[in-house]
Structures are given as structure tokens and as C-alpha cells.
Participant: 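Below is the structure I would like to discuss, written out as C-alpha cells.
Note that the structure is predicted; figures quoted are calculated from it, not measured.
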Amino acid sequence: MPRKSVVKTQTPVDNLDEHEKQLVRGGILQLPSKPFNVEEFLAIGKDLPYEPISKKAIRDAIDWAKADMDISSLRFGPRKKAATKRSER
């Protein structure tokens, strides 16, 4: 009689902690089929043409993005002076 459930294969894992190994065994976490190559990832789009961006355009974009921000909750203002020793007064 054929099996109706999938048979899981053992995959060697080197850099995983015990919790991650349990997730892999349970089928929740899936390991990549090949190792991550940083150089290959960073090379994506390096040959695409682009136009240089001026500093003014960058500043305008930042100012535009900040226009919708409410920074009142950040409590910028004068800082309290540090406490001094009585002998220094």
C-alpha cells in the first residue's frame, strides 16, 4: 500500500540554532536550495543606466518626506544641565 504522506529527507544544517532546526523539521522554515552569495546579490542592477542625482534633489526629497511627519512627540528642546557637585559651585 503506497504512503499518503510526504517523507521528509534529512538536510544537514550547520549554522542553525536548536529552535530553527525544530522549525525546519516541522516544515515551518524552509532552507534555501543553494547558499546565499553576497557578491551575486550586490551585483544585481550594477549595469543598469542611471542619471546622477544632485544634492538639491536629494534634499528636496528628504524635505518632502519630512513634511508629513509629526515630531512633536520627540520632545526636542533645551537639555537640562548636568548636576554639579557642591564643591564645583
Participant: Is Phe41 atom CZ crowded by more than 12 heavy atoms from other residues, nucleotides or ligands, each under 6.0 Å away?
Facilitator: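 Open: at most 12 neighbouring heavy atoms sit under 6.0 Å from CZ of Phe41.
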Participant: Should Phe36 and Ile44 be regarded as members of a common hydrophobic cluster, given that ILVMFWY residues are connected when their side-chain heavy atoms come within less than 4.5 Å of each other, either directly or indirectly?
Facilitator: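 In one cluster: yes.
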Participant: Examine distances only and state if a side-chain atom of Gln22 and a backbone atom of His19 form a donor-acceptor pair shorter than 3.5 Å.
Facilitator: no
Participant: Give me the atom names and distance for the closest heavy-atom approach of Leu29 to Glu20.
Facilitator: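 Looking at all heavy atoms of both residues, the closest pair is CD2-O, 4.0 Å.
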Participant: Looking at Ile62, I'd like to know if its CD1 atom is crowded, meaning that more than 12 non-hydrogen atoms belonging to other residues, nucleotides or ligands lie closer than 6.0 Å.
Facilitator: yes
Participant: Transitively linked via ILVMFWY side-chain contacts under 4.5 Å: Ile28 with Leu31?
Facilitator: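 Ile28 and Leu31: one cluster.
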Participant: If you count every heavy atom of other residues, nucleotides or ligands that lies below 6.0 Å from Glu18 atom CD, does the total exceed 12?
Facilitator: yes
